[in-house]
Amino acid sequence: LDKDSDAWFTLGVILSKQEKDAESIEAYKRSISLNTEDAELCYNLAVKLGERGDRSSECDMYSKAVATDPDMGGAWLNWGTTLAEQSLLDDAESKFLRALATSSLIVKAKAMVNLGLVYYAKSTQYAASNKLPLAKETVDKAKHHLETALPLLESAAKDSSGSNDIQSYLSQYKAMRMQVYRLTGQLFAGMGDLAASEQEFRDATSEFPNEKGAWFALARVLDLRGKKDEAADLMSKFK
């Protein structure tokens, strides 16, 4: 066993399934010490290290995994997610963009959703710094990636019999898309284009007619534009 990388790897998998994380990590490390070019091994160890909060070592293992197998989409996605959770948005963006270049359509769809989240977060930062045109340009990227991802996710959900992983991404779409609508409408208003802001919220109510927040936002813009009767009518309907 001492010099058998595969045996240590198998032991690591078994220990992981038994939720013996510390022992599993040690087994994976022993395996890597004997074979540094096993992408799956590096990926598995990265996941375990991440679960224990060792983000630096986790990212190092994802780096080793993709160095061996650049098409390992899961490693690029997880690496990007770990960086995003630390608010390292530029670094996270580069990893998600790299995930788009892998061969898996499911990975591409997930990367697009994550890029949507990164661009949304960046846009809010620009808006807070009063860089409104840059914020608008960036939130448009979020919109593009989210809307491009949706049909791919829906197709993947059918092909994979509605796997929990894909369904999780789909279940988040409405909230994420509404965030983008809301921010875009606010940015238009902040730049003095109330007509564009109104249209943005009309689009939101069209896509999500049961979303009260979209109707309230539309009503506020209508009120600002002097369309008092329509604004009051909407407010009365969606109290």
Side-chain angles (χ1 to χ4, degrees), residues 13 16-17 19 38-48 50-51 58 61-62 65-66 68-85 89 92-123 138-185 199-215 217-218:
V13 172
S16 178
K17 290 180 178 178
E19 298 184 354
D38 187 324
E40 184 179 357
L41 169 59
C42 292
Y43 175 85
N44 284 8
L45 178 54
V47 171
K48 282 298 174 186
E51 290 174 351
E58 176 191 9
M61 284 298 109
Y62 288 134
V66 298
T68 300
D69 181 5
D71 199 48
M72 182 173 268
W76 290 113
L77 289 174
N78 285 10
W79 193 0
T81 299
T82 296
L83 292 167
E85 289 173 347
L89 298 180
E93 178 186 357
S94 70
K95 303 305 179 287
F96 293 136
L97 287 171
R98 185 59 185 79
L100 285 179
T102 60
S103 59
S104 169
L105 287 177
I106 293 178
V107 168
K108 290 178 188 291
K110 292 178 179 179
M112 288 175 190
V113 171
N114 282 291
L115 281 167
L117 291 170
V118 166
Y119 291 134
Y120 173 80
K122 282 188 169 187
S123 184
T138 308
V139 80
D140 283 346
K141 291 183 181 180
K143 172 186 176 181
H144 168 74
H145 283 85
L146 289 173
E147 291 185 342
T148 304
L150 182 58
L152 295 178
L153 289 171
E154 290 174 336
S155 177
K158 294 176 182 177
D159 294 341
S160 59
S161 300
S163 70
N164 290 336
D165 190 30
I166 298 299
Q167 288 298 333
S168 175
Y169 273 82
L170 280 171
S171 68
Q172 298 175 57
Y173 177 82
K174 177 182 175 181
M176 290 187 292
R177 187 64 187 91
M178 273 304 306
Q179 285 182 327
V180 169
Y181 271 126
R182 188 175 299 110
L183 180 57
T184 304
Q199 186 58 54
E200 190 69 19
F201 289 121
R202 286 194 186 278
D203 290 344
T205 58
S206 177
E207 184 172 359
F208 303 112
N210 296 320
E211 185 64 34
K212 289 185 178 181
W215 291 103
L218 175 58

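Computation of the quantities below employed the complete heavy-atom set of this structure, encompassing side-chain atoms and omitting hydrogens, waters and symmetry-equivalent molecules. Residues take their numbers from the sequence shown, with the count starting at 1.
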### Task
Would you indicate whether the side-chain heavy atoms of Leu115 and Glu93 approach each other to under 4.5 Å?
yes
### Task
Could you tell me whether the side chain of Met176 reaches within less than 4.5 Å of the side chain of Val113, counting heavy atoms only?
yes
### Query
Hey, are the side chains of Val66 and Trp79 touching, using non-hydrogen atoms and a 4.5 Å cut-off?
yes
### Asn78 CG to Leu83 CG distance, which is reported to the nearest 0.5 Å
11.0 Å
### Query
Can you name the closest pair of heavy atoms from Leu77 and Phe96 and give their distance?
O-CE2, 3.4 Å
### Task
Determine, step by step, whether Lys110 and Ile166 satisfy the side chain to side chain contact (heavy atoms under 4.5 Å, CB included) criterion, reporting the C-alpha distance in whole Å, the side-chain angles of both residues, the deciding distance to 0.1 Å, and the verdict.
CA-CA 9 Å; Lys110 292 178 179 179; Ile166 298 299; 4.0 Å; yes
### Message
Checking the side chain of Trp76 only, and the main-chain atoms of Leu100 only, is there a donor and an acceptor separated by less than 3.5 Å?
### Response
no
### Message
Can you tell me how far apart OG1 (Thr81) and CD (Glu58) are? Round to the nearest 0.5 Å.
### Response
9.0 Å
### Message
Tell me if a side-chain donor or acceptor on Ser155 pairs with a main-chain N or O of Pro151 at a distance below 3.5 Å.
### Response
no
### Task
Give, for atom CG of Leu146 and atom CG of Leu117, the distance between the pair rounded to the nearest 0.5 Å.
6.5 Å
#### Entry: Flag side-chain contact, heavy atom, 4.5 Å: Tyr62 against Tyr43
yes
### Message
Using every non-hydrogen atom in the two residues, find where Leu170 and Ala157 come nearest and quote the distance to one decimal.
### Response
CD1-CB, 3.7 Å
### Task
Begin from the C-alpha positions of Tyr173 and Leu150 and carry the test side chain to side chain contact (heavy atoms under 4.5 Å, CB included) through to its verdict.
CA-CA 8 Å; Tyr173 177 82; Leu150 182 58; 3.8 Å; yes
### Message
Working to the nearest 0.5 angstrom, can you tell me the gap between Arg182 CZ and Glu200 CD?
### Response
11.5 Å
### Query
If you take all heavy atoms of Ala204 and Ala214, which pair is closest and at what distance?
CB-CB, 4.0 Å
### Query
Sub-3.5 Å donor-acceptor pair from the side chain of Ser123 to the main-chain atoms of Tyr119, do we have one?
no
### Query
Do the side chains of His145 and Thr148 get nearer than 4.5 Å, heavy atoms only?
no
### Task
Please list, chain by chain and in numerical order, all residues satisfying side chain to side chain donor-acceptor pair (under 3.5 Å) with Tyr169, sequence neighbours excluded.
Asn114
### Query
If you look at every heavy atom in Met72 and Ala65, which pair is closest and at what distance?
SD-CB, 4.0 Å
### Query
Can you tell if the side chain of Lys122 reaches within under 4.5 Å of the side chain of Lys141, non-hydrogen atoms only?
no
### Message
Going by the rule side chain to side chain donor-acceptor pair (under 3.5 Å), which residues pair with Gln179 if we only count those two or more places apart in sequence or in a different chain?
### Response
none
### Message
Between Glu207 and Tyr181, is there a side-chain donor-acceptor contact under 3.5 Å, judged purely by atom types and distance?
### Response
yes
### Considering all heavy atoms, the nearest Val118-Ala92 contact
CG2-CB, 4.4 Å
### Query
Minimum heavy-atom separation for Ala46 to Met61, with atom names?
CB-CB, 3.5 Å
### Task
Would you check if the side chain of Trp215 reaches a backbone N or O of Pro209 as a donor-acceptor pair within less than 3.5 Å?
yes
### Query
So do the side chains of Lys48 and Asn44 get within less than 4.5 Å of each other, counting heavy atoms only?
no
### Query
Passes salt bridge (charged side-chain N to carboxylate O under 4.0 Å, His left out), Arg177 versus Glu147? Steps please.
CA-CA 8 Å; Arg177 187 64 187 91; Glu147 291 185 342; 3.0 Å; yes
### Query
CG of Leu153 to CD of Gln167: how many Å apart, nearest 0.5 Å?
9.5 Å
### Task
Would you indicate whether the side-chain heavy atoms of Asp140 and Val180 approach each other to under 4.5 Å?
no
### Summary
OG1 (Thr102) and NZ (Lys108) are apart, to the nearest 0.5 Å, by 5.5 Å
